[in-house]
Amino acid sequence: MILIHIDQSDDRYPTTLNRFLGNQAPECIFALGDLGILRRKPLGLFCSVKCPGDLILQTYDLARKLRDGGIVVISGFHSPMEKECLSLLLKGKQPVIWCPAKRLTVNRMPKEYAGPISEGRLLMLSPFGERIKRAREDIARFRNEFAAALADRVFVAYASRGARPRASAKRFLDGVSPF
């Protein structure tokens, strides 16, 4: 498994990052996995940490339908609901794009992700270099904006007032097709 560095001058650099993030677009992004997955028009999936029970069940059902329908999903998969969705999505055959709010490392890759990466079903992307070793609130907010900028459409399962998913969704809903 090789960590791929893609700077803005590289043909593989997603042009949507410049379009949606403007001067905040990262100079370089880091990837593990098949970059071709980005061309599959992913659906952005976001959910606040606190999510009402009825929406948890509905979102879980939606994740199953997305998996069974072969829909590529992109997210930070950080909140409890998002983590559940990642677990469910990785049981399918469709690709998934995971954008952690920290640097990517090959030598600390959990075993459950190495298989899907080598099978071409999981692409991990990060705009964060060596300095960012842990997720922080500001880093998570930018990660959500980064993932939303790469999404063709966005679905926000639940966004509590002032939450990162709400801020990211509001910023990009004008330029991204709703789900």
Side-chain angles (χ1 to χ4, degrees), residues 1 4 6 12-17 19-21 29-49 51-101 104 109-110 112-127 140-159 163-179:
M1 203 175 324
I4 304 165
I6 305 165
R12 299 172 298 175
Y13 189 89
T15 57
T16 58
L17 292 175
R19 185 175 36 186
F20 288 110
L21 298 176
I29 61 173
F30 304 88
L32 286 170
D34 179 5
L35 290 168
I37 296 171
L38 276 172
R39 292 190 298 270
R40 303 246 338 244
K41 298 189 177 196
L43 170 69
L45 174 67
F46 301 96
C47 187
S48 291
V49 171
C51 183
D54 61 327
L55 291 179
I56 289 172
L57 294 175
Q58 291 175 32
T59 304
Y60 197 76
D61 287 343
L62 173 65
R64 251 194 344 252
K65 288 177 182 175
L66 294 171
R67 178 197 65 198
D68 296 346
I71 306 296
V72 177
V73 175
I74 185 169
S75 179
F77 296 111
H78 187 79
S79 73
M81 185 73 251
E82 292 169 351
K83 286 178 185 177
E84 286 294 322
C85 289
L86 175 62
S87 177
L88 189 116
L89 291 166
L90 287 176
K91 292 176 183 170
K93 296 189 184 323
Q94 85 300 336
V96 176
I97 304 171
W98 179 16
C99 303
L104 297 180
M109 177 64 55
E112 65 264 27
Y113 305 125
I117 288 173
S118 66
E119 294 165 8
R121 295 186 306 109
L122 177 61
L123 171 62
M124 294 182 71
L125 289 176
S126 176
R141 182 176 294 114
F142 184 75
R143 180 272 323 276
N144 284 350
E145 292 174 1
F146 173 78
L150 293 169
D152 185 56
R153 291 169 283 160
V154 173
F155 174 75
V156 180
Y158 180 74
R164 288 184 296 273
R166 181 179 286 246
S168 296
K170 282 178 107 173
R171 181 168 178 192
F172 292 103
L173 283 179
D174 289 337
V176 179
S177 303
F179 178 68

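When a residue number appears, it is its place in the shown sequence, counting from 1. It should be emphasised that the depicted structure is a prediction, and the values quoted were computed from it without experimental measurement.
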So CG of L38 and CZ of R12: to nearest 0.5 Å the spacing works out to 11.0 Å
Minimum heavy-atom separation for G120 to I37, with atom names?
O-CD1, 3.5 Å
Show every donor-acceptor pair shorter than 3.5 Å between a side-chain atom in residues 84-98 and any protein atom, with sequence neighbours excluded, or say none if there are none.
| residue | atom | partner | partner atom | Å |
| --- | --- | --- | --- | --- |
| Q94 | NE2 | L89 | O | 3.0 |
| W98 | NE1 | G76 | O | 2.9 |

Can you tell me how far CD1 of I29 sits from CG of L17, rounded to the nearest 0.5 angstrom?
6.0 Å
Can you find a pair of side-chain heavy atoms, one from L125 and one from P14, that are under 4.5 Å apart?
no
Does any part of the side chain of M81, heavy atoms only, come nearer than 4.5 Å to the side chain of L55, both counted from C-beta?
no
For the pair S118 (side chain) and G115 (backbone), establish whether a donor and an acceptor sit closer than 3.5 Å, ignoring hydrogens and angles.
yes
Nearest atoms (heavy-atom pairs only) where M124 meets P100
CE-CG, 3.9 Å
Looking at every non-hydrogen atom in both residues, tell me the closest pair between L104 and S126 and how far apart they are.
CG-CB, 3.7 Å
Give every residue pair that meets the salt bridge (charged side-chain N to carboxylate O under 4.0 Å, His left out) criterion with at least one member in residues 62-73, sequence neighbours excluded.
D61-R64
Sequence-distant partners of R19, salt bridge (Lys or Arg N to Asp or Glu O under 4.0 Å), two or more places apart
none
Over all heavy atoms of both residues, which pair between L123 and A31 is shortest? Give the atoms and the distance, please.
CD1-CB, 4.2 Å
Minimum heavy-atom separation for A157 and T59, please, with both atom names.
CB-OG1, 3.3 Å
Has the side chain of T16 got a donor or acceptor atom that lies under 3.5 Å from a matching backbone atom of A149?
yes
Could you check whether any side-chain heavy atom of L21 comes within less than 4.5 Å of a side-chain heavy atom of F142, counting everything from C-beta outward?
yes
Answer yes or no: is there a donor N or O on one side and an acceptor on the other, between the side chain of S79 and the main chain of C47, under 3.5 Å?
yes
Could you tell me the separation between the CG atom of L57 and the CG atom of L62, rounded to the nearest 0.5 Å?
12.5 Å
